[in-house]
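Read the structure below first, then the notes.
Note that ligands are numbered from 1 as they come in the structure, with each ligand's atoms numbered from 1 the same way.
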Amino acid sequence: MNKTTKMLLLVLLAGTLLVATILTFVALGVGHPVPWLLVASLIGIPVLTNWHEKRNFAVWKDEYSVGIESLDEDHRKLLSLINHLQTAVHYQTGELFEKEALNEVVAYTKYHFEREEKMLEKAGYADLDAHKELHKKMIAKIDEFLVRYEKEGHEALVDVALYLKCWLVKHINGTDQEYSALLQEKGVH
Ligand SMILES: [Fe+2]
Ligand SMILES: [Fe+2]
């Protein structure tokens with residue numbers, strides 16, 4: 001379901017609830033709980049919508065830190081670029097803006113992976129090959145998404161943005177944490 005259809009359905013639901021609220025107030029009076037329950041549902045719509053939208057955005061947490069400033073900077077920047085893309089996708093800012101936002105995430109992800117791998121190599125990280133493989137798979141997935149975006153346009157971006165957000169947060173807060181102690185010990189930065 002696209003954003004416009006969702007908005008239309010929400011407006012329809014809010015309108016129906018509003019009419020039902022007025023009618024039940026008139027029919028049952030202010031002392032009856034039913035119209036008040038309808039008022040609560042009416043207030044709940046924007047609250048739930050807001051919560052749902054926020055779920056798509058990534059928030060940096062201190063626990064994501066790998067203890068190396070340059071890599072933390074990269075990770076913060078990646079999350080911020082993902083949020084930029086989410087904004088472009090969910091607020092339908094137009095093809096030019098969303099394309100630019102997508103290209104920025106892709107370019108910075110590739111740049112970051114390369115930089116991280118070089119640092120891991122320098123530190124003699126034992127699991128480097130496995131880590132590189134994960135990066136490689138992610139790049140392949142991104143390239144797949146880019147092809148899908150070329151074919152399907154805007155609609156494909158909703159999945160792309162959510163996938164990128166989930167994968168990156170999981171990777172930063174999981175696999176990347178595994179090299180943290182070694183890089184700090186070796187003083188690689
Ligand atoms: Fe990373
Ligand atoms: Fe990584």
Side-chain angles (χ1 to χ4, degrees), residues 50-189:
N50 206 9
W51 170 80
H52 184 73
E53 300 268 294
K54 275 193 182 151
R55 244 177 18 135
N56 296 320
F57 289 86
V59 180
W60 170 265
K61 293 179 188 159
D62 288 342
E63 69 205 58
Y64 293 168
S65 172
V66 290
I68 308 289
E69 195 40 44
S70 56
L71 292 177
D72 282 347
E73 263 309 305
D74 272 5
H75 291 155
R76 271 195 288 264
K77 169 123 184 169
L78 277 171
L79 296 189
S80 143
L81 289 173
I82 290 278
N83 288 340
H84 197 214
L85 176 63
Q86 290 283 14
T87 307
V89 173
H90 289 277
Y91 295 94
Q92 302 202 356
T93 47
E95 201 190 325
L96 198 71
F97 192 79
E98 66 183 23
K99 216 170 196 173
E100 203 180 281
L102 177 64
N103 288 338
E104 267 186 296
V105 181
V106 172
Y108 205 84
T109 302
K110 288 180 178 174
Y111 159 80
H112 166 68
F113 283 174
E114 224 172 276
R115 163 146 122 150
E116 194 176 82
E117 286 168 11
K118 273 186 195 150
M119 287 166 79
L120 294 180
E121 205 170 343
K122 207 166 144 190
Y125 186 52
D127 287 332
L128 177 62
D129 286 344
H131 201 114
K132 268 184 167 175
E133 197 50 38
L134 286 175
H135 286 172
K136 213 171 127 189
K137 276 188 184 154
M138 172 60 166
I139 298 289
K141 191 85 189 161
I142 286 179
D143 288 338
E144 224 176 85
F145 276 139
L146 288 175
V147 173
R148 209 181 127 195
Y149 176 60
E150 286 304 317
K151 275 194 210 151
E152 296 172 30
H154 176 81
E155 284 308 307
L157 270 193
V158 178
D159 292 344
V160 177
L162 196 62
Y163 177 86
L164 285 172
K165 184 219 141 188
C166 295
W167 192 95
L168 279 169
V169 168
K170 204 172 148 220
H171 186 78
I172 290 167
N173 198 32
T175 322
D176 280 356
Q177 295 294 325
E178 290 165 17
Y179 62 61
S180 170
L182 179 82
L183 287 197
Q184 288 183 73
E185 187 197 310
K186 299 271 176 177
V188 177
H189 51 84

**Message:** Let's go through Lys136 and Glu117 carefully: what are the C-alpha distance in whole Å and the side-chain angles of both, what is the deciding distance for salt bridge (Lys or Arg N to Asp or Glu O under 4.0 Å) to 0.1 Å, and is it a yes or a no?
**Reply:** CA-CA 11 Å; Lys136 213 171 127 189; Glu117 286 168 11; over 6 Å; no

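Qualifying salt bridge (Lys or Arg N to Asp or Glu O under 4.0 Å) partners for Asp74, counting only residues two or more places apart in sequence or in other chains: Arg115. When the ring-ring contact (aromatic ring centres under 6.0 Å, His included) test is applied to Tyr149, no partner is found at least two apart in sequence or on another chain. Shown here are the ring-ring contact (aromatic ring centres under 6.0 Å, His included) partners of His135, two or more places apart in sequence or in another chain: Phe113, His131, His171.
The minimum distance between the Fe ion (ligand 1) and any N, O or S atom of His75 involves atom NE2.
The set of protein atoms (N, O or S) found at less than 2.8 Å from the Fe ion (ligand 2) reads Glu116 OE1, His131 NE2, His135 NE2, His171 NE2, Asp176 OD1, by chain and number.
With a 4.5 Å cut-off on side-chain heavy atoms, Leu183 and Val66 do not count as touching.
Side chains of Gln177 and Tyr64: no donor on one and acceptor on the other come within 3.5 Å.
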